[in-house]
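Here's the structure, in structure tokens; my notes come after.
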Amino acid sequence: MDATVDAIPAGDRAMDAVAPWDAVWGQAEAVEVLRSAAADPAAMTHAWLITGPPGSGRSTLAYAFAAALIAEPGDEAAMRQVLARTHPDLTALRTEQVIIRIDEARKLVERSSYAPSLGRHRVIVVEDADRMAERTSNVLLKALEEPPDHTVWVLCAPSDADLLPTIRSRVRTLRLRDPEVEDVARLIVQRTGADPGVAEQSARHAQRHIGMAQRLATDVAARARREQTLRAALGVRGVGDAVEVAAQIVHAATDDAKALTAERDEAERADLRRTLGVAEGAALPPAVRSQLSALEDEQKRRATRSLRDGIDRVLTDLQSMYRDVVMLAFGREADMINRELEPELRALADAWGPRRPLVILDRIAETRRNLEQNVNPTLALESLLVTVASGRTP
């Protein structure tokens, strides 16, 4: 499925939590605000927006809040059910496409009108609220303006600026703090047993994104791909290099996306065959071919998002590198993200000064906006790397 309602797998840590807040890491102030709201109707509001950088724990906090709202105090079984995304009074949406479709938003609004069946509240969690187009956001407006009794909306997004002003005016915003690199590194060591040096490097390279830091710390190939990409960008000297490196980046992102989705896609196809009673290797009856075709269409859309996310991660890595060049140009090296590349980046800072890397950073931001408008990824990256090579915007 491209979006899952009421059935998103939870992390092991959330499942093991005795109380819902135990699953939340590093956000004591936010936990206190939501804990008080869940316990005191006077501190409660019907719609919330949780914002914070990727990896800050927005969705983990949202589901902990949902558990506290739905379950009676001390009802650990109900809390665990909410954290497992299986409680009937929880509706959860996490899109695996580039955007949330308008029909998905309409289903959420419909579900929000139902009274709670078992719990104290009905809670609607939207993990990727920033992926709603304007028409889709407008579908939510009336539900946010006039919510039924006992229904609570919890939206999650990187920033309140990612939502329409009309949505922002109808929610209470709770901003999460950035964790420190050292804190993320310690968490990764605790969770994975990774070498502390690798964990620190991964937390720094991931810019404190917990999920990405954990992947880097446990995946040698992912760390190697990141270094290869940055060194390839450092080697761009002209248009020919820009074309070649752009193709390399898209190829690597495509392979990475396939690796992340291929096993799941095959499992979904096998599950559908079993559900339809079709033996492995047998021809599909004409009556059920449309269902397999619909699944494959959804998987293609999910693959498109996975590729876009992979390229966005590359842009984030490039952004960190040229940000380091700016910092070095101003004589500030204590906060470097890519310390392993310091000799090369210092040479660029000495040769360029701060102006050229700032031009490149602006171009990276523009490239990100272009990709959101479905510009061809290879062409977008080629244009960016031409700016890297020349210091000018094409």
Side-chain angles (χ1 to χ4, degrees), residues 8-40 43-71 73 76 79-80 82-85 87 90 92-94 121 123-131 152-163 168 171-192 199-200 202-217 316 335:
I8 304 172
D12 293 340
R13 190 172 180 219
M15 288 296 292
D16 291 340
V18 175
W21 310 108
D22 295 352
V24 181
W25 175 82
Q27 301 293 345
E29 298 88 350
V31 166
E32 185 55 35
V33 169
L34 296 182
R35 189 199 296 268
S36 298
D40 180 6
M44 188 60 190
T45 188
H46 68 280
W48 297 76
L49 171 62
I50 300 176
T51 67
S56 59
R58 298 186 305 255
S59 60
T60 301
L61 183 60
Y63 290 113
F65 186 36
L69 289 170
I70 292 171
E76 294 180 12
M79 291 179 187
R80 289 177 182 273
V82 175
L83 294 174
R85 323 298 196 254
H87 196 285
L90 172 71
L93 175 64
R94 179 185 179 217
H121 292 86
V123 180
I124 314 293
V125 176
V126 183
E127 289 193 36
D128 304 283
D130 56 306
R131 292 185 180 269
V152 179
W153 288 80
V154 185
L155 312 182
C156 302
S159 167
D160 55 359
D162 294 320
L163 277 72
R168 299 200 300 267
V171 300
R172 179 177 173 184
T173 300
L174 183 65
R175 295 177 177 85
L176 304 188
R177 72 175 187 87
D178 285 335
E180 297 298 327
V181 168
E182 295 77 10
D183 295 333
V184 174
R186 279 196 297 270
L187 180 66
I188 298 305
V189 171
Q190 293 169 8
R191 284 185 175 180
T192 69
E200 186 278 335
S202 299
R204 184 163 32 84
H205 287 178
Q207 298 178 64
R208 299 172 290 187
H209 185 300
I210 297 170
M212 184 52 60
Q214 184 164 318
R215 185 182 181 203
L216 289 173
T316 299
D335 297 327

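The structure presented is a predicted model; accordingly, all values stated were derived computationally and were not measured.
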As an exercise, state the distance from [atom1] of [X] to [atom2] of [Y], rounded to the nearest 0.5 Å.
X	Y	atom1	atom2	result
Thr173	Asp160	OG1	CG	5.0 Å
Thr45	Leu174	OG1	CG	12.0 Å
Asp128	Leu93	CG	CG	7.5 Å
Met44	Arg172	CE	CZ	9.5 Å
Arg175	Glu29	CZ	CD	14.5 Å
Arg186	Gln190	CZ	CD	8.0 Å

Which pair of non-hydrogen atoms, one from [X] and one from [Y], has the smallest distance, and what is that distance?
X	Y	answer
His121	Leu69	ND1-O, 3.0 Å
Ala199	Val189	CB-CG2, 3.6 Å
Leu155	Ala129	CB-CB, 3.9 Å
Phe65	Trp21	CA-CH2, 3.7 Å
Arg58	Pro158	NH1-CA, 3.5 Å
Ala213	Ala203	CB-CA, 3.8 Å

Counting C-beta onward and ignoring hydrogens, is there a side-chain heavy-atom pair between Val171 and Leu163 closer than 4.5 Å?
no
Answer yes or no: is there a side-chain heavy-atom contact under 4.5 Å between Leu61 and Trp48?
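Result no, sub-4.5 Å side-chain heavy-atom pair not found.
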Check side chain to side chain contact (heavy atoms under 4.5 Å, CB included) between Glu200 and all other residues, then give those that pass, not counting sequence neighbours.
Val181, Ala185, Arg204, Arg339
